Peer 1: 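Below is a structure I'd like to ask you about.
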Amino acid sequence: MERALYLGNVSGVQEFILLGLSARQGVRVVVFAVFLTLYLLTLLENALIVFLVCSHTELHKPMYFFLGNLSCLEMCYVSVTMPSLLAGLWTGPCHVPLPACLIQLFLFVSLICTECTLLASMACDRYVAICRPLHYPLLMRPQVCLGLAGTSWLGGLLVSVVKTACITSLSYCGPNVLNHFFCDVSPLLNLSCTHVALTELVDFLLAIVIFCGTLLVALASYSAIGVTVLHMPSAAARRKAFSTCASHLVVVGIFYSVALFMYSCPSRVESTNLHKLLSVIYTVVTPACSPVVYCLRNRGVHAALRRTLHPRKGSSARTDISRS
């Protein structure tokens, strides 16, 4: 039976076997409960942010518009990878048909590329807000924000079409076991029985354009922000400016450091336990922590949440303010 697990159909693999995360039988139930809790928490946190941004007019600003887009993306993001991770923990190795594997790959690549461009757009928004505040209403008007968000989503789809088409053109003769918890580029390249040099080159070039290009935009924006903050006359102004972008900088640092380590290598990377651990960080941990990091010190979100939970207090407070 073990031999059959690792031998694919010599005429062409029709399904893959995802090994999932390695865990002993006694620990597997606990790990399943932890990841299920993280999944539900991620959906709840991001859905709450989307609701607050859409329902409160005071949050109809460019910063919160991009935050709402990022929350929508992360709900889709975790819903692409987490079901197969949970299924592997609950039932053991998970059998995935080839078309379903390619669909998961397409969605995952599309969303991760969209996230890169959204994070770069958010960095540009903070740059304009801090470095060019007088021009902010003009430069970040609704049409510009919609264009940046639309370009992010459309660009992710186009990159994913190219990557998935390259993977689809490969042949898989066996074995058919992916040492991962979802269908990713590197594990699929490892199993191909055809020449993959062109696919690796395309994957590498797209990684350079998407990851490094958006990272350079973010770094340039925050370098300019840092110079501007250092030249502010008062410490209070410096603290206020830093607090508006510190959370985004933390998320950008975690996301890009892990993603660049995994996806900027042109050679086929073995899917080791380290590879899976890093995948867990940016597919599970980062989406769960991002809403907390973004909203922990955000007074606008706190005020909107209080008014949602205590509408009478919020309305009375607004009445008192108007009377005064």
Side-chain angles (χ1 to χ4, degrees), residues 1-22 32 35 39 73 76-115 156-207 210 259 262-263 265-273 275-280 282-284:
M1 181 177 179
E2 185 175 341
R3 175 182 172 83
L5 182 67
Y6 283 90
L7 290 178
N9 186 351
V10 294
S11 62
V13 171
Q14 298 302 316
E15 70 173 13
F16 292 104
I17 301 173
L18 298 175
L19 293 183
L21 298 180
S22 302
F32 175 85
F35 280 110
Y39 179 44
L73 182 142
C76 300
Y77 192 52
V78 295
S79 297
V80 168
T81 57
M82 283 294 286
S84 58
L85 186 152
L86 294 172
L89 288 172
W90 187 257
T91 63
C94 183
H95 293 252
V96 181
L98 178 59
C101 187
L102 294 175
I103 291 173
Q104 186 184 44
L105 175 69
F106 172 79
L107 293 174
F108 172 75
V109 172
S110 174
L111 292 170
I112 195 174
C113 293
T114 301
E115 180 160 9
L157 286 173
L158 294 177
V159 171
S160 185
V161 166
V162 175
K163 279 198 173 190
T164 308
C166 291
I167 295 295
T168 305
S169 66
L170 302 177
S171 298
Y172 300 94
C173 311
N176 63 342
V177 175
L178 295 174
N179 187 16
H180 214 328
F181 57 89
F182 69 96
C183 295
D184 201 0
V185 174
S186 295
L188 288 171
L189 288 177
N190 288 331
L191 295 185
S192 175
C193 56
T194 54
H195 195 56
V196 297
L198 179 60
T199 302
E200 286 181 335
L201 178 61
V202 172
D203 183 49
F204 177 68
L205 292 177
L206 289 175
I210 296 298
M262 296 184 62
Y263 289 100
C265 181
S267 61
R268 286 180 283 184
V269 181
E270 293 295 330
S271 296
T272 60
N273 289 331
H275 188 98
K276 289 191 285 188
L277 176 62
L278 293 174
S279 297
V280 167
Y282 74 88
T283 60
V284 180

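Predicted model, so just to flag it, every value in this text is computed and none were measured.
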Peer 1: Determine whether a donor-acceptor pair (N or O, by modelled atom type, separation under 3.5 Å) exists between the side chain of Thr114 and the backbone of Ser110.
Peer 2: yes
Peer 1: Which value, rounded to the nearest 0.5 Å, describes the distance between Ser186 atom OG and Asp203 atom CG?
Peer 2: 6.5 Å
Peer 1: Would you sort out whether Val161 and Phe106 count as a side-chain contact (heavy atoms from CB on, under 4.5 Å), showing the intermediate values?
Peer 2: CA-CA 7 Å; Val161 166; Phe106 172 79; 3.7 Å; yes
Peer 1: Restricting to non-hydrogen atoms, name the atom on Cys166 and the atom on Val202 that form the minimum distance, rounded to 0.1 Å.
Peer 2: SG-CG1, 3.9 Å
Peer 1: Evaluate Val284 against Val78 for side-chain contact (heavy atoms from CB on, under 4.5 Å), listing each step before the verdict.
Peer 2: CA-CA 7 Å; Val284 180; Val78 295; over 6 Å; no
Peer 1: At their closest point, which heavy atom of His195 faces which heavy atom of Leu170, and how far apart are they?
Peer 2: O-CD2, 4.0 Å
Peer 1: Check whether any side-chain N or O of Asp184 sits under 3.5 Å from a backbone N or O of His180 as a donor-acceptor pair, and report yes or no.
Peer 2: no
Peer 1: Over all heavy atoms of both residues, which pair between Cys94 and Ala87 is shortest? Give the atoms and the distance, please.
Peer 2: SG-CB, 4.3 Å
Peer 1: If you measure from CZ on Phe35 to CG on Leu21, what distance do you get to the nearest 0.5 Å?
Peer 2: 5.5 Å
Peer 1: How far does CD of Glu115 sit from OH of Tyr282, to the nearest 0.5 angstrom?
Peer 2: 10.5 Å
Peer 1: Looking at Thr164, Ile112, Val80, which one forms a side chain to side chain contact (heavy atoms under 4.5 Å, CB included) with Leu107?
Peer 2: Val80
Peer 1: State, yes or no, whether a side-chain contact exists between Phe16 and Leu191 at a heavy-atom distance under 4.5 Å.
Peer 2: yes
Peer 1: Return each pair, listed once, that meets side chain to side chain donor-acceptor pair (under 3.5 Å) where at least one residue sits in residues 84-93; pairs must be two or more places apart or across chains.
Peer 2: Ser84-Gln104
Peer 1: If you round to the nearest 0.5 Å, how far is CD1 of Ile17 from CG of Asn176?
Peer 2: 4.5 Å
Peer 1: Is there a side-chain contact (heavy atoms from CB on, under 4.5 Å) between Leu85 and Leu89? Walk through the geometry before answering.
Peer 2: CA-CA 6 Å; Leu85 186 152; Leu89 288 172; 3.6 Å; yes
Peer 1: What's the spacing between Leu205 CG and Glu200 CD if we round to 0.5 Å?
Peer 2: 11.5 Å
Peer 1: Between Thr168 and Leu102, which heavy-atom pair has the shortest distance, and what is it?
Peer 2: OG1-CD1, 3.8 Å
Peer 1: Decide yes or no on side chain to side chain donor-acceptor pair (under 3.5 Å) for Ser79 and Tyr39, but give the supporting numbers first.
Peer 2: CA-CA 8 Å; Ser79 297; Tyr39 179 44; 3.1 Å; yes
Peer 1: Supply the atom-to-atom distance Thr283 OG1 to Leu111 CG, rounded to the nearest 0.5 angstrom.
Peer 2: 12.0 Å
Peer 1: Minimum heavy-atom separation for Cys101 to Val96, with atom names?
Peer 2: N-CG1, 3.7 Å
Peer 1: Determine, stepwise, if the pair Tyr172 / Ser192 fulfils side-chain contact (heavy atoms from CB on, under 4.5 Å).
Peer 2: CA-CA 5 Å; Tyr172 300 94; Ser192 175; 4.0 Å; yes
Peer 1: With sequence neighbours left out, write down each residue that passes side chain to side chain donor-acceptor pair (under 3.5 Å) with Ser169, or none if nothing qualifies.
Peer 2: none
Peer 1: Taking all non-hydrogen atoms of both residues into account, name the closest pair between Cys183 and Leu105 and its distance.
Peer 2: O-CD1, 3.7 Å
